[in-house]
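Throughout, protein chains are lettered first and strands after them, A, B, ... in sequence-line order, and every chain is numbered starting at 1.
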Amino acid sequence: MSTPTYSVLGTRPIRHDGADKVTGRAIYGADVHLTGMLHGAVLRSPHAHARILRIDTVKAAALPGVKAVITAADFPQGPDRIVDLGEGDTPLSYIRGNVLAIGKVLYRGHAVAAVAATNAHIAEQAAGLIQVEYEVLPCVLTAPDAMREDAPILHEDLETTELGKKSGKVSNVAVHFRHVLGNSEEAFAQADVVVERTFDTATVHQGYIEPHNATALWNEDGRIHVWCSTQGSFVVRDVTACILDVPVQRVRVTPTEIGGGFGGKIPVYIEPVAAMLSKKTGRPVKVLMSRREVFEGTGPTPGSHMTVKMGVDKTGRMIAAQASLAYEAGAYPGAMVGPGGMCVFASYNIANVTIDGYDVVVNKPSTAAYRAPGATNAAFATETVVDEIAEKLGMDPMELRLMNAAKEGTRRADGPKYRRICCVEVIEAMKNHPHYSAPLEGPNRGRGVAVGFWFNAALPSSCTISVNADGSVNLVEGSTDIGGTRTSIAMQAAEVLGIAVERVNPTVVDTDSVGFTGVTGGSRTTFATGYAAYEAAQDVVRQMKERVAKIWEVEASAVNFEKGAFSAGEKSMTFAELSEKLGSTGGPVVGRGAVNPRSAGGSFSGAIADVEVDPETGRVSVLRFTSIQDAGKAIHPSYVEGQMQGGSAQGIGWALNEEYYMSPDGGMMNSSLLDYRMPTALDLPMIDTCIVEVANPNHPFGVRGVGEANIVPPPAALANAIYRAAGVRMNRLPMKPSAIMEAIWAKGN
Amino acid sequence: MPVVFIPALLRPLTGGASQVEAAGETVRALIDNLEAQYPGLRERLVDQGRLRPNVSVAVDGEVSPIGLLESVGPESEVHFVHAISGGSR
Amino acid sequence: MPGKVLVNTTINGEATDFRCEPRQSLLECLRDILQLTGTKEGCNDGNCGACTVLMDGRPLTACLVLGVEAEGRNITTIEGIARGSKLHPLQQAFLEEAALQCGICTPGFIVSAKALLDRDKNPSEADIRLWLANNLCRCTGYDKIVRAVQKAAAEMRA
């Protein structure tokens, strides 16, 4: 099969929003300024679990400069229902309860009330004057504790659901699922090597640098306009409309530039609060979160407790596997344990598998997606066990992985067979990478490897393209641009139209101005919105061919279009030449694309890590790091590399430093960027990248999303490297210096 | 006839069978036919006329964005899988 | 609450005066009073570096400085880095090297890096990493940022 040649795809143009972002001119959520604007502040619970007995807002309301004080009681309290947010159904009551607590607070940092005042200082001061009487309840902070019979119960009406069947008993376990393939018990009896280990990972935060923000104006005519940084403007619109109980048509969301999200800016927190404060005051209201509020009041990703058992025959063939995954959902059900269960053995072809998953509520912030949500935890467990098996067999860990790698036709534990995937190609690329065979000398040093998988999301996207008379085009889309997607989308349109990408003006618009578009998440934007742009560009070409046909008096089907030129027989006309004639041949040409792709086609990723462990302090230095990933087709290779480097850096932070350090009464003790220690430039080496391209059959250019899978392997790769450097198998994240020293001391005894 | 893979938690309803055959040109029709063979199965998958939250259907290995409306071919493999959401919660 | 104070300062080369409350940080004054919103807030406690500005050529986090402390000082923000309509070599290098993804940390990095290159025309990778350790980026893993600073340094030496 020949590889198609492209003129735009695979090049590295400067991004369209670049100049605005390096000059400080780009408008992010916090930069929105409206005439007469008030500032909001949110009062949050000091307790991890408590009943709200009384809220007294009198003193706060009396403070000069305060214009409104609201609590959950100010919001419509209609009956609960399941709402479809375009990306998964959720009970409205959970979303509503998380926006402002109803009856109970379920974590420290849970929003209780809000204030609008003439400036942020007064608003903050007034929030402090709201008096809340609590009945403090015992809290529970980890999945194993929350699953105990005598655990404090968060939701008095929550029962365990097992695929549509309720247990009839109140519990903190919201969901139990099980996948069974073959018979793992029988197969383990045939195995020559069996390794079973238990793992725990801490709660970690996405750590985007820009705090959440929302500015809202509730107009006198009932229309509501919200400006905010979000990964999904349509999610904000739909959730805000649900919570305020107004028709969707009355809510318009303008997504501003966004300062990072990684999944954490999908949920809605302060948008409805800002809107309600605006309704009460008749003025626009801006609410900004502090960094502490971001840590304590927004969704981190679940901590987890996992047991993984794998068995191989003496040749190394994996014949049996079991996993039990308990993920902490935080205050409301919805830990990412479902995807965790689907990813835990996703890299391998194993005939006998049993996987149990538990979605467990605990008194911590309600969790949100974080880059391949659920997969990193699971891969940490699996890939560490695989490494130990390789050691026991005396096999090269890459050979063991390659021998068992999943491929097209491999049946996953949750049932379906894989379509064309790229696990083998990624593992081969790792094996052949110079890093893997480079000598690593010196004491206390070790090299580790790991692989990982993420499904990627498809979801709907819309796009329109209008042709200008000079042959340039305006492209309108609804996907917030977090990492250069204006350009990767515009490049796909440019490729179809045969024009330079600089001739495409991509604009991200508000929810009134473009068709429904799913979140910028699930690695889907370049894939799905790019697909919509492709369709819109094809629509433009179809219409333009008709114009050419009219001018030349031929059938439209006789007109060819290639490399930006229309032709029929001897006649030829460029895209730009035709664009000039649109006005005189029937008027404007506007192409439209609206897609809802069947399946995104997953992405595999691998990591090779070299570390040095200081035996005196337990500090781990990352000496060299390589990320390998399948991109299907890398549209803009620089931004593909950027995703791989960024995901690797987050994976390294998750592995070595980051955690919610909790007090026994449920307080996060390190809710600042000083104490929640994310990697700095000094902590990391250059991060090498190796892009593998195995075309995705579900995309016209073969694109696979690249945003997420790269975070999956790093923790396990580092754990395996640490083992070779220091001789200790780490079964807990983060692998911070104290944990490493404890492991070294335990081994010494 | 299409082959339906029965999730582990529903196998008590099919007498332990992990794969069953059922007729139907759409997922909806197929579930209706399954229900006739294995009463109680539909309720576990469908609520108020749509797939339950967290349940997706995969036909021939690909998760359908249209759920019950998805077409099923005579040789198709049908799976009920955990819905992957990017986390809108 | 004491009344507002008049502060006389120079911002991006222009004599500028503004009135602020004594409790307002320089970051608030720049963003809310002077509408210079290119300087970003990420943490408001000096740990992320998104609000880095130069005061008399020295980089500092504007959230940890009071507006009144700007009296008589010379402040440079991201809005003052470009040379007229021409981007500074650092800005150009950030674009060419794809050294930004979401872009929220970018103003802080560019201002910080300018202070480095003003002092050291040929910093090593280690020098750059140490200097930029005051600025957090969550998107890029720093690789392309370090390369962009190296490229700009080379450009400026040429």
### Message
What I want to find out is whether A:Arg411 reaches B:Glu77 closely enough, with some N-O distance under 4.0 Å, to be called a salt bridge.
### Response
yes
### Message
Assess whether a salt bridge exists between A:Glu408 and A:Arg419, defined as any Lys/Arg side-chain N lying under 4.0 Å from an Asp/Glu carboxylate O.
### Response
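No, no charged N to carboxylate O under 4.0 Å.
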### Option that, when pairs with chain B are counted at under 4.5 Å, heavy atom only, ranks first among A:Val180, A:Asn98, A:Leu181, A:Val175
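Counting heavy-atom pairs under 4.5 Å, the top option is A:Val180.
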### Task
Answer with side chain, backbone, both or neither: which region of B:Gln48 has an atom nearer than 4.5 Å to a non-hydrogen atom of chain A?
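B:Gln48 has no heavy atom closer than 4.5 Å to chain A.
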### A:Phe453 ring center within less than 6.0 Å of A:Tyr418 ring center
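Between A:Phe453 and A:Tyr418, which both carry aromatic rings, the centre distance is below 6.0 Å.
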#### Entry: Portion of A:Asn698 that has a non-hydrogen atom of chain B nearer than 4.5 angstrom
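For A:Asn698, side-chain heavy atoms alone lie under 4.5 Å from chain B.
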### Task
Examine whether an atom of A:Arg178 lies under 4.5 Å from a heavy atom of chain B, and if so say whether it belongs to the side chain, the backbone or both; otherwise answer neither.
both
### Task
Say whether A:His176 and A:Ser167, considering side chains only, have a donor N or O and an acceptor N or O under 3.5 Å apart.
no
